[in-house]
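See structure below.
If you're wondering where the values come from, they're calculated on a predicted model, not measured in any experiment. Chain letters run A, B, ... following the sequence lines, proteins first, then strands; residues in each count from 1.
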Amino acid sequence: MVEKILLTALALFAFSIAIALYRIIKGPSMPDRTVALDMIGVNLISSIAVISIVLKTKAFLEAILILGILAFISTIAISKYVERGVIVEHKSDN
Amino acid sequence: MWKGGLLLNTSQIIELGAALLILLGSIMSVISAFGIIRLPDVYTRSHAATKSSTLAVLLSLSGAFVYFWVHEGFISVRLLLGIVFVFLTAPVAGHLITRAAYRSKVKLTDNSSDDALKEVLFPEDK
Amino acid sequence: MNNIIVLPLILPIMVGVLLVFLRPYIRLQRIISLLTMIGVACISVYILNRIQTEGIMRLDFGGWKPPFGILFVADSFSALLVLTASVVTAICLIYAFSSIGERHERMFFYPFILFLVAGVNGSFLTGDLFNLFVCFEVMLLASYVLVTLGGEKAQLRESIKYVVINILSSWFFLVALAYLYGTVGTLNMAHISERVAEAGQGPLLTTVSILFLIVFSLKAGLLLFFWLPGSYSAPPTVIAALFGALLTKVGIYALFRTFTLIFYHEPSITHNLIGIMAGITLIVGCMGAVAYKDVRQIASYNVVIAVGFMLIGLAVGTQTSLEGSIYYIIHDMIAKAMLFLLVGTMIVLTGVTKFDQMSGLIRNYPLFSWMFFVVTCSLAGIPPLSGFVGKVLVGQGAIENGSYVLVALAFISSVVVLYSLLRIFLNSIFGETIISPEDELPLKKGLLIPIVLLGIGTISLGLEAEVLSSYVSDAANTLFNPSIYIDAVLSGNK
Amino acid sequence: MPAQFLLNLFIAFLWMVLQDEDELKITTFFSGFLVGIGIIFLMHRFFGTQFYLRRLISIIKLFFIFISELAASSVLISKQILSPKLKIKPGIFTYKTKLRGDWEITTLAMLLTLTPGSVVMEVNPEGDMFYIHAMDLEKSKADVLRSIGKFEKAIMEVTR
Amino acid sequence: METLIIILIGILTAVATYLILSRNIIRVILGTAVFSHAVHLLILTMGGLKKGSVPLLKEADAPYTDALPQALILTAIVISFAVTAFILVLAYRAYQDLGSDDLHALRGTNDE
Amino acid sequence: MFSVNFAIIFPFIIAALVPFLYRRIKFVHIGWFVMLVPITLFILLARLIPSVASGKTFFHTYNWIPSLDINFTTYLDGLSMIFGLLITGVGSLVILYSIFYLSTKESLQHFYSYLLLFMGAMLGVVFSDNLMVLYVFWELTSVSSFLLIAFWNHRKASRQGAQKAMLITVSGGVAMLVGFIMLHTMTGTFSVREIVLSIRDFTDHTLFLPTMILVLLGAFTKSAQFPFHIWLPDAMEAPTPVSAYLHSATMVKAGIYLVARFTPVFGGDQVWFWSVSVIGMMTMFWGSFNAVRQPDLKALLAYSTISQLGLIMSLLGLGSIALNIGYSADSIIYTQATFAALFHLINHSTFKGALFMVVGIVDHELGTRDIRRLGGLFTLMPFTFTIAVIGGLSMAGLPPFNGFLSKEMFFAATVQISNADVFSLQTFGVIFPIVAWIASIFTFVYCLIFIIKTFLGPAQPEKLDKPIHEAPVGMLISPLILCAFVVGIFFFPDLLGKYILQPSMASVYPTFGDPKELTPSIYAWHGFNAELMMTIGVIVIGALLYNQLKKWKPVYGLFSQKYTFNMLYNSMLSSTEKGSTIVTKGYMTGFLRDYLVYIFVFFIVTVGGFLFYSGAFSIDISTDASIRVYEAILVGVMAVAAVAMLFAKSRITATLLNGVLGYSIAIFFVIFRAPDLALTQLVVESVTTALFLLCFYFLPEWKRETSSSKTKLTNAIVSIGVGVVVMLVAFSVLNYEKFETISRYFENAYELAGGANIVNAILGDFRGFDTMLEVVVLFIAGLGIFTMIKLRAKKEDADIEN
Amino acid sequence: MRINDVILRTVTKIVVFIILTFGVYLFLSGHNTPGGGFIGGLVLASAFVLLYLSSDIESVQKSLPLDFKMVAAFGVLLATSTGFGSLLLGVPFLSQTFAYFDLPIFGKTELTTVTIFEAGVALAVVGVVVTIILSISEDE
Ligand code: NA
Ligand code: NA
C-alpha cells in the first residue's frame with residue numbers, strides 16, 4: 001500500500017518533470033526555461049526523497065541538499081546571464 | 001502480543017500518512033506543472049512554479065522526514081536542512097528570474113492590467 | 001620494495017607542482033626541470049638494469065595485491081621507453097631554454113612539460129587498463145595546454161581539432177573499458193589477459209579488441225591520424241618536437257601491450273587488421289610526405305610513416321619483428337625530436353615555412369645543416385644510423401612470417417622518407433645562399449647543442465646497437481611470451 | 001541578553017554534573033538546557049531585559065503565519081490553474097514598506113514571494129519600495145496587502 | 001531496465017555524434033558532453049543494474065551493487081569536466097582571435 | 001699482420017680529421033696529405049698479392065652487434081683484391097690529379113672528406129663478408145657519392161643530379177637489403193662465405209627467386225644498368241676527378257662486384273643467366289647508341305661507361321652458365337666469359353679513368369666540354385691528345401691496347417654461348433653475338449668522335465673563353481700512368497692473369513677445382529677466328545658510319561624525348577608529387593567534421609561489421625531488472641531532451657537541455673544505488689552549466705547550421721550508425737557469460753581500508769592512484785585555462801613560429 | 001533604475017555558510033557515507049561560486065585574498081606527498097593507514113592518512129574550479 005502510493009507519487013513527479021521539459025523545449029523566453037529547469041530541480045529533490053524511502057536507504061539524503069544548493073546556484077547564474085550577459089562581475093556598479 | 005501489533009499499526013498508519021503527504025506533494029507538483037503550461041506568461045508561470053512546487057517539496061520532504069523518523073527512528077537533519085534550504089532559496093530564485101525576465105524585456109501577457117515598473121525601467125518605450 | 005618505479009611519474013608531477021610556486025624564478029625553474037628529467041633518466045637506467053637481473057618489477061600501490069589495486073609494472077619494454085622519453089625530454093628542455101621565451105616560461109611552461117612526461121611515463125608503466133586511461137588524460141591535458149600555449153591563431157585553430165578528436169578517442173576508450181569490464185570483470189591487464197585466455201578470445205571479445213584498436217590507433221596515429229599533421233605543425237618548435245617524439249609512441253606502446261598481452265589469440269583478425277591499417281598508413285603517410293612544401297607538414301607526415309612502420313612489427317608479431325619495432329620506436333623518438341627541432345629552427349632562421357623559399361643554409365649554419373643530413377639518413381634507415389637495426393629486424397620478422405606486402409611497403413616507405421627529406425636538404429640546406437650576411441640570424445648555441453646531442457644519439461645508437469640488444473631482446477621476449485608478464489604480476493605476490 | 005544564554009548554558013552544565021553519570025552525555029546536557037530555559041523564563045525580569053527566547057517565539061509565530069498564508073494561497077493558485085478557463089488579470093504594483101535594513105527587507109520580500117500569487121520583482125535602490133507582480137491584480141491585491149501587513153508586523157516583533 | 005538504458009545510451013550516442021559533427025563549436029562541445037553522459041551510463045550498465053544495495057557497508061546489507069564502476073565513473077566525470085572546461089575556454093579564445101565559431105571557417109590554410 | 005678491417009676504417013678516420021687538418025695546414029694543398037691514404041693502402045694490399053695468388057684468403061672479424069649476427073667481418077680473396085687495388089690505385093691517381101684540378105679556393109676539406117668517406121665505404125663493400133655490413137658500406141657509397149655530386153651544390157643541376165643518383169641507388173640498395181634479409185631467412189646467416197656453402201639446399205625455396213631479383217636490383221641500379229642508367233649522365237655534374245673515380249672506376253663497379261660475388265650463390269639459375277646477360281647486353285647497346293649523339297664530352301663518356309658496364313655485366317651473366325652445367329671439361333669454356341669480364345673490368349678502369357681525366361683537362365683549361373666548340377687541339381695539347389688516343393682506341397677495342405684483348409674475349413664468349421645447349425640457347429643464343437657486335441660498332445663510332453672532334457679538324461678558338469694551352473704537368477701524371485697500364489697490360493697480360501685474375505676466378509667458381517684451369521693464356525694474336533672477323537667488321541662498318549654520321553644522325557630524332565626513361569623518371573616523380581598532393585588534400589580537408597566522419601565510419605565498419613560477421617551479436621532481456629513507471633518516464637525525458645538538443649534554436653536552450661540530461665542522469669545514479677556518483681554528477685553538471693554561461697558572454701549566438709542536405713544526411717546516417725553499434729555491442733556484452741567481477745574484494749573495505757563507503761574506499765585507497773592522477777588532470781586543466789586566457793599572441797608576432 | 005541585489009546578497013550570506021559547513025561535512029564523512037574529497041571540494045567550490053555570483057570579484061577578493069592557483073597547487077602537493085611519504089617509510093607508494101582514537105569531544109574517531117590525501121584532493125578541486133571561473137570572468 002505505502003509502496004504503491006510512493007510509486008504513484010514518483011510517477012507524478014516524473015510526469016511533472018516531463019511537462020517542465022516541454023516548457024524548456026518550447027520556451028519561448030529564456031526565463032520560461034529557467035523557471036522550468038528550476039522546477040525540474042525541485043521535483044528531483046522530491047523524487048530523491050521518495051526513492052530513498054523506496055530503497056530504504058539514507059544514502060541519498062545528501063543529494064537532496066546538494067540539489068537544493070545547485071538548483072539555486074544554477075538559477076542565479078542563468079538569471080544573471082539573461083539579465084546582464086555576464087554572470088560574475090568584476091566590480092558591481094553599486 | 002496484540003499490543004505490539006497495535007504499536008506496529010500505529011507506525012504503519014503514520015507511515016501511510018507520510019506517504020499520503022508525499023502523494024499530496026506530488027499532486028501539487030503536477031498542478032504547478034499544469035500551471036507552467038497553461039499560464040499565459042513567464043511571470044504568472046513563475047508563480048506556479050516557485051510556489052506550488054515549493055509546497056510540493058515541503059510536503060514530500062516532510063513526508064520523508066516523518067517516514068524515516070517513524071520507520072527507522074532516525075531524525076534526518078539533512079532533510080530538515082533541505083526544507084529550510086528550499087524555503088530560503090526558492091523565493092530568491094523566483095525574484096531573480098522574474099526580474100531578469102522583465103529586464104530582458106520579456107513581455108507581460110496582453111490582459112495584464114497594470115505595470116508599475118515600466119515607467120521606472122523603460123521610460124523610453126512609452 | 002619497488003617504489004622506485006613510480007618515480008618516473010611522480011617526480012615530474014611533484015616538481016611540476018612545486019615549480020608553480022617558483023613562478024617568478026625562471027632560471028631556477030629551468031635548472032630544476034632539467035635536473036628532474038636527468039634524474040628520471042638515471043632512475044630508468046637503474047630500473048632497466050635491475051629488470052635484467054631480477055626480472056620484471058612491480059609496484060602495488062597502497063600495497064593492494066593485484067588484481068584489486070592499481071600497480072605499475074616495469075619490464076624492459078616500458079623501461080626502455082621511459083628512458084628514451086626522459087632523455088629526449090631533457091634534451092628538448094635545453095632547446096626550450098633559449099627558444100621558448102620568458103612569456104611562456106612565466107606561464108608554467110616547465111610544469112606543463114613535466115606533466116606531459118609524467119603522463120607519458122605513467123602510460124608506459126601502468127599495469128592497469130583504467131589507470132592507463134587516466135595516465136593518457138594526464139598526458140593529453142598537458143598536451144592540450146602545450147598545443148595552445150602562446151595563443152597563435154594557427155595554434156588555436158588546430159588545437160580545437162586536436163582536442164575534439166582526442167576527446168572522442170578518450171570516449172571510445174571509456175566505451176571499450178565498459179565493454180571489457182562487462183565481459184571480464186577486471187581491470188588489471190595481466191588478469192584480463194588471464195581471463196581472456198581462460199574464456200577464449202571469442203567473437204565478442206575480439207569485437208571489443210577492435211574497439212581498443214581504434215582507441216589506440218587514434219592515439220598512435222595509425223590510419224586515424226587526421227589530427228596529427230595540423231596539431232604538430234602549429235605549436236612552438238620544442239613542443240612540436242616533444243609531440244613528434246612522445247605522443248604517438250604512447251598509443252603505439254598501448255597497441256603493443258594490449259595486442260601482445262591480452263588480445264593475441266585471434267591474430268588472423270586483429271593482427272591482420274593492424275597490418276592492413278599499417279600498410280595504408282604507410283601509403284598515405286608517404287603521399288603526405290611528398291604532397292607538401294611546408295617543412296613542418298613534411299615532418300608530420302614522416303611521423304605518420306614511422307607509425308605505420310612500427311606497427312608492421314606488431315602486425316607480423318614474431319619475436320624478431322617485435323624486437324625490430326622496439327629498436328625502431330627508440331630510434332624514432334630520438335630522430336623525430338631531432339627532425340622537429342631542425343625544421344622548427346629552420347623556420348625561425350629563415351622566417352618562412354616552405355622549403356622552396358629557403359636556400360643555402362649550409363653556408364651560414366654548417367653544423368646545423370649536417371645535422372639535418374644526419375637525421376635524413378637516420379630516418380631513411382641508412383646504416384649505420386639508429387634506424388637501421390630496427391628496419392632490418394622488422395623486415396626480417398615480416399619475411400619470416402611471409403608478410404611480403406608489408407615488407408615491400410615498409411622498405412619502399414623508407415625510400416620515400418629519404419626523398420621527402422632530401423628535397424628539404426637539397427632545396428633549403430644546399431643551394432645558393434639567399435640570406436645576406438647582415439640579415440643572417442645568429443644560431444644560438446642553446447638551439448644547436450640539443451640538436452647535436454640528438455644527432456650524437458642517433459649516430460651512437462646505430463653504432464652501438466649492441467649496447468641495447470640485451471634489453472631489447474628481453475623486451476621482445478616478454479612481449480612475445482605474455483606468461484612472463486602475467487606471472488610477474490599475478491603469481492608470487494611480493 | 002547574552003548573559004541569559006550563558007546562564008542557561010551554565011545551568012545545563014550543572015544539571016549534567018549533578019546527574020553523576022559515568023560519562024558525559026549530550027542528551028543530559030540537552031535536558032539540562034531545557035530546565036535552564038524554564039528557570040530563566042521565570043526569572044527573566046531580574047535581568048531587567050526581555051526573555052532571550054522571546055525572539056524565538058516570535059519567529060515561530062511568523063512561521064505559522066506564513067504557513068497558513070502559504071496553504072491558503074496555494075489552494076487559490078491551484079484553483080486558478082485547474083479552472084477550465086483562465087480568468088486572471090496579472091499586473092505589477094508598488095508597495096512602500098516601513099521596514100528598514102537588509103534583513104528585514106529580505107525577509108519580507110521572501111515571504112511575499114513565497115506566498116502564492118505575488119512575486120517581488122524589484123526593490124528600488126533606496127530599499128524601501130517593492131515592485132510586486134500579482135497573479136490576479138484585481139482580485140487578490142487586497143489579499144496581498146493584508147498579508148504584507150501581517151508579515152511586516154510579525155517581522156518587527158522579531159527584530160525590534 | 002538494462003535494455004531500456006542501453007537504448008537510451010544508443011540515443012544519447014547518436015545525438016552526441018550528430019552534435020559533434022556540427023559546424024558550430026558550441027554544438028560540438030555539447031556533443032562531447034552528451035558523449036560523456038552516455039558513456040557514464042554505459043559503464044554503470046555494463047557493471048549490472050540494481051543488482052544489490054547501496055555500497056555503504058553500514059547502511060545496507062549484502063549483496064552490494066558493484067562499486068568499482070561507480071568509482072571509475074566518478075573519475076571519468078571529473079576528467080570530462082576538466083576537459084569540457086578547457087575546450088570551452090579554447091572555443092572562446094579561438095573566437096576572440098579568429099573571429100569565428102564556425103569550424104568550417106577554422107579550416108586552416110594549407111600550404112600551396 | 002695488417003687487418004683489412006683497419007684498411008676500411010683508416011679512410012674514415014682520416015676523413016674525420018681532414019676538416020681539422022685543413023684549418024691547420026695552410027701552406028700546402030691538403031690533397032697531398034690525403035693522397036697518402038690510398039697509397040699506403042695500395043702498398044699494403046699489393047704486398048698481399050702473392051699470398052692471395054697462391055690461394056690464400058684473409059678473414060677477420062670484429063664484433064659489432066653479435067646478438068643480431070651483424071659483425072664487422074672482412075674477407076680478402078682474389079675478387080676483393082681486384083677491387084681493393086682498383087679503389088686504392090685509381091684513388092691515389094685521382095687524388096693526385098685533383099690536387100691540380102681543384103684550386104685551393106674550393107672547400108677542399110669537404111671534398112677530400114667525402115672522397116675518403118667514399119673510399120672507405122667502397123673498401124668496405126668489397127671486403128665485407130657480412131651482408132649487413134656490406135649493405136652499410138653500400139649505402140655509404142651512395143651517400144658519399146651524393147655529397148660528391150652535389151659538391152657544387154649552389155648549382156641546381158648538381159643538386160638534381162645528386163638527388164637522382166641517391167634515390168635510384170638507395171632504392172636499389174633497399175631492394176638488395178630485402179634480398180639479404182631473405183637470404184638470412186633461408187640460410188640463417190649473413191656471411192657470404194657460409195651462404196655460398198649452403199645455398200644449394202635452398203634453390204627450391206620460395207624466397208630463392210625473389211631474393212635473386214632483389215639482389216640484382218641492387219646491382220643493376222648501382223652499376224647503372226638499363227633502365228636504371230639514367231642517373232649516371234646526370235651524375236656528371238660532379239667535379240671531374242669524382243667522375244673519373246666513382247663513376248667509371250669504382251662505385252659503378254660495385255654492382256659488378258656484387259654480381260660476381262653472388263655468382264656462386266645464384267649462378268646456376270636460368271633467371272640469373274637471362275637477366276644478367278640480357279640486361280647487360282641491352283645496357284651495352286643502349287649506352288653506346290646514345291653515346292654517339294652526346295655533344296658533351298663528359299656525357300659521351302657517361303654513356304660509354306654505361307655501355308661498358310653493360311658489357312661486363314653481360315659477360316658475368318654468360319659466365320654463370322658454367323655453374324648450371326657444373327664442373328666439367330666442357331663447362332670450363334664458359335667460365336672464360338667471367339674471366340673476360342674481370343679482365344675488362346680492370347682495363348676499363350684504366351682507359352676510362354684516363355679519358356675522364358682528359359675531359360677534365362679540356363674542361364679545366366678551356367672552360368668547355370662541348371665538342372661543337374672544340375677541335376684541333378692536338379697541336380697545342382699534344383700530351384693530352386696522346387692520352388686521349390691511347391684511351392680512346394683501347395676503348396674502341398684496337399691493338400696495341402688492353403681494350404682489344406678483353407673485347408676479343410668478349411666476342412669469343414658471345415659466340416661460344418650461342419652454341420650452348422641449355423636454357424634454349426640453341427634458339428636464342430645467337431642474339432648475343434649480334435647485339436655485341438652492333439654495340440661495338442657504336443662504341444667504335446663514339447670513340448672516333450671523342451678523338452677526332454676534339455683534337456683533330458679545325459680549331460675554333462673564337463668559341464672558347466680561354467686560349468688553347470697544354471695542361472700543367474701535375475694534371476698529366478695520373479692519366480699518363482693509366483696509359484702506361486693500358487699499353488703495359490696489352491703486352492704482359494698473363495702477369496695480370498696469373499696474379500690477379502686467377503685467384504678471383506677461384507672466388508667466382510669455388511667449386512671448380514684448380515683455378516689454374518680457369519685461367520687461359522691471353523694472346524694478342526689468336527688467328528683468323530670469329531672474334532677477329534667481328535672486330536674487323538666493327539672497324540669497317542664503324543668507320544663508314546662515322547663518315548656518314550650527318551646522314552644517319554636524324555635517326556635519333558625517332559626516339560622521342562617524351563618517352564625516354566629520364567622523362568619517365570621525372571614524370572613519375574612529378575606525378576607522384578601531384579597525385580599525392582591531390583589525394584592528401586582531398587581527404588585532409590582541414591574540416592574537423594570530415595575527420596570525425598572518417599573515424600566514425602571506421603568504427604561502424606570495423607566494430608559493427610565484425611560484430612555481425614562473427615556472429616557475436618546476441619541479446620537477452622530475460623535477466624533484466626524491472627522497470628518502474630517513473631523510470632520509463634525519466635528515460636523518455638532524457639531521450640526527448642537529447643533529441644531536442646539537435647533542434648534547439650539557441651545555444652542556451654541546448655545548454656539547459658544538456659543540464660536536464662545531467663540532472664536526469666544523477667537521478668538514475670540514485671535509482672541505480674550510486675550515491676557518490678549522484679552527488680558528483682549534480683555538482684559537476686551545475687558547474688559545467690555555469691561555465692557554459694560564462695563563456696557564452698564571449699561567444700556569439702549560434703546560427704542555423706547551413707550545411708547542405710547531403711552533409712546533414714550523411715551526418716544523420718553516421719550518427720545513427722554509431723548509436724546502433726554502441727547499443728548492439730552493449731547488448732551482446734550484457735549477454736556475455738560474465739566472470740565474477742573483482743569488486744567482491746572491496747566489500748571488505750571496512751576491515752581492509754577502514755571505510756564503510758566502498759566507493760570512497762576505492763577512490764581513496766584501493767585505487768587512490770587514479771584519484772591522485774585525476775587531481776593532477778584537473779589541476780593541469782585549471783592551470784591551462786589560466787594560461788590560455790592570460791598568455792596571448794603578441795600583436796606584432798607573425799603567425800609563423802614561437 | 002539600478003539593480004538592487006539586497007535580497008540575493010542577504011540570503012547568500014546565510015546560504016554560503018550552510019554550503020561551506022555541508023561541504024566540510026561531506027569531505028569528512030566521505031569514508032563511511034557518501035562524500036569525500038572530491039564531492040566535498042566541489043561543494044566548497046560551489047559555495048565560492050555562489051559568492052562570486054551574488055557579489056563581484058573585487059569584493060570577494062578583498063575579504064578572501066587567496067590565490068586559488070596556489071591553493072590548487074598546494075592541494076595537489078598534499079595529495080601526492082601522502083604517497084611520497086610512503087616512499088620514505090619504505091612501504092608501497094600511496095599506502096594508507098588508519099586507526100581509531102578516543103578523542104575528548106568527537107568520541108571514537110577514525111584517523112586515517114586517507115583524510116590528508118582527501119584534504120589535498122578537496123583543496124585541489126576548490127582551487128581549480130575557482131581558478132577556472134575567475135580566469136574566465138576576469139577576461140576582458
Ligand atoms: Na507570493
Ligand atoms: Na568523459
For the atom pair [atom1] ([X]) and [atom2] ([Y]), what is the distance rounded to the nearest 0.5 Å?
X: Leu44(E); Y: Leu677(F); atom1: CG; atom2: CG; result: 6.5 Å
X: His40(E); Y: Phe668(F); atom1: NE2; atom2: CZ; result: 16.0 Å
X: Met638(F); Y: Leu8(E); atom1: CE; atom2: CG; result: 5.0 Å
X: Asp101(E); Y: Arg651(F); atom1: CG; atom2: CZ; result: 8.5 Å
X: Glu701(F); Y: Ile26(E); atom1: CD; atom2: CD1; result: 10.0 Å
X: Phe591(F); Y: Arg23(E); atom1: CZ; atom2: CZ; result: 8.0 Å

Residue among [options] with most heavy-atom pairs under 4.5 Å to chain E:
options: Val724(F), Leu734(F), Val775(F); value: Leu734(F)
options: Leu728(F), Val684(F), Thr655(F), Asp676(F); value: Val684(F)
options: Thr714(F), Val687(F), Ile789(F), Val725(F); value: Ile789(F)
options: Val635(F), Val726(F), Leu691(F), Val597(F); value: Val635(F)
options: Ile671(F), Leu661(F), Leu592(F), Asp620(F); value: Leu661(F)
options: Val733(F), Asp594(F), Thr706(F); value: Thr706(F)

Quick check: closest heavy atoms across [X] and [Y], and the distance to 0.1 Å?
X: Tyr95(E); Y: Phe698(F); result: CD2-O, 3.2 Å
X: Leu21(E); Y: Arg593(F); result: O-CG, 3.2 Å
X: Cys695(F); Y: Tyr92(E); result: SG-CD2, 3.7 Å
X: Ala67(E); Y: Ile758(F); result: CB-CG2, 3.5 Å
X: Ala730(F); Y: Leu42(E); result: CB-CD1, 3.8 Å
X: Glu774(F); Y: Ile79(E); result: CG-CG1, 4.2 Å

Is any side-chain heavy atom of [X] less than 4.5 Å from a side-chain heavy atom of [Y]?
X: Leu30(E); Y: Phe692(F); result: yes
X: Lys703(F); Y: Asn24(E); result: no
X: Thr45(E); Y: Phe672(F); result: no

Are more than 12 heavy atoms from other residues, nucleotides or ligands located less than 6.0 Å from atom OH of Tyr697(F)?
no

Within 6.0 angstrom of Lys578(F) NZ, more than 12 heavy atoms from elsewhere:
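Not more than 12 within 6.0 Å, no.
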
Can you tell which of [options] has the highest number of heavy-atom pairs within less than 4.5 Å of chain F?
options: Leu4(E), Ile9(E), Leu72(E); value: Leu4(E)
options: Ala38(E), Gly52(E), Ser100(E); value: Gly52(E)
options: Ala91(E), Pro55(E), Ala82(E), Pro63(E); value: Pro55(E)
options: Ile29(E), Val34(E), Ile25(E); value: Val34(E)
options: Asp66(E), Thr65(E), Leu103(E); value: Asp66(E)
options: Asp97(E), Thr13(E), Asp102(E), Val15(E); value: Val15(E)

Can you check whether [Y]'s main-chain N or O pairs, donor with acceptor, with [X]'s side chain at less than 3.5 Å?
X: Arg93(E); Y: Met788(F); result: yes
X: Glu2(E); Y: Ile621(F); result: no
X: Arg27(E); Y: Leu646(F); result: yes
X: Gln681(F); Y: Ile77(E); result: no

With only heavy atoms counted, which part of [X] is less than 4.5 Å from chain F, the side chain, the backbone, both or neither?
X: Ile73(E); answer: both
X: Ile20(E); answer: both
X: Leu68(E); answer: both
X: Leu41(E); answer: side chain

Residue part contacting chain E, namely of [X], when any heavy atom lies under 4.5 Å:
X: Ile665(F); result: side chain
X: Phe731(F); result: both
X: Phe766(F); result: neither
X: Thr771(F); result: neither
X: Thr711(F); result: neither

So, Asp624(F) and Thr3(E): side-chain donor and acceptor under 3.5 Å apart, yes or no?
yes

